[in-house]
Amino acid sequence: MDAVLDAARQHGVTHMLCVCIDMDNLDAVTGLAERYPQVFASVGVHPNEQETRDPDVTELVRLAQPSKIVAIGETGLDYFHGKGDLEWQRERFRRHIRAARETNKPLIIHSRDAKEDTIRIMREEGAEHIGGVMHCFTEDWAMAEQALDLNFYISFSGIITFRNADQVRDVARRVPLERMLVETDSPYLTPVPYRGKSNQPAYVRYVAEHIAEVRDEPLDMIAQATTSNFFRLFA
Ligand SMILES: [Zn+2]
């Protein structure tokens, strides 16, 4: 951890949010946030974790109380990995949105092959009252626009550096500067030039560099914007 945090610092990455994916993972995630001042955490159960403990709204709200828990998630819908009747995913997603509204902490939303249902449930549950981030965004501009209208930020991962990711670059070109974030999705989606290795926070610098290049704006501008966006969203 110390080496990872050192590398992050050397790459200009000063703060990070460690994302919870299930109840077994929660102690490890909050432990990091307690130990390191520059690390924050979230609480939630990922849509790919089917056989796992599923907290109700009351429990999510209770678990989200510590001040270093700054978000609810990762939550959302995944119809790519999910098979069969996925009503349980939609129900879990609704519970997370309700918990976010109750705690006043923003959402971290995962959406894969499920854009219509994701946006529909966000609208039905009033997700725009709390906002959040569409994490690791890979959908088209039409979905990005709907998410922006619902007060959400768009977050980019190492995918933006991959050769076949023209759609993601197109979105990155159009998203307002004050609504974008950068992330790892560690250990996955490591950006070029480290693609194939395990991802780590330091590498979000390369995501930011690539966004700067695509938008033809200075890296400094992207760095400052994504940093202040982080602190505005996860206030
Ligand atoms: Zn995800």
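Quick note: residue numbers are just sequence positions, from 1. Counting starts at 1 for both ligands and their atoms, in listed order.
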Neighbour count >12 (heavy atoms, 6.0 Å) for atom CG, D216: no
Sphere of radius 2.8 Å around the Zn ion (ligand 1) - protein N, O or S atoms inside: E74 OE2, H110 ND1, H135 NE2
Cationic N near anionic O, under 4.0 Å, E124 to R90: no
Salt bridge R98-E102, side-chain N to carboxylate O under 4.0 Å: no
Hydrophobic cluster membership, I159 vs F156, 4.5 Å side-chain cutoff: yes
Parallel, tilted or perpendicular: rings of Y194 and Y203 (30°, 60°): parallel
Candidates H96, M23, E74, K105 - the one meeting side-chain contact (heavy atoms from CB on, under 4.5 Å) with V43: M23
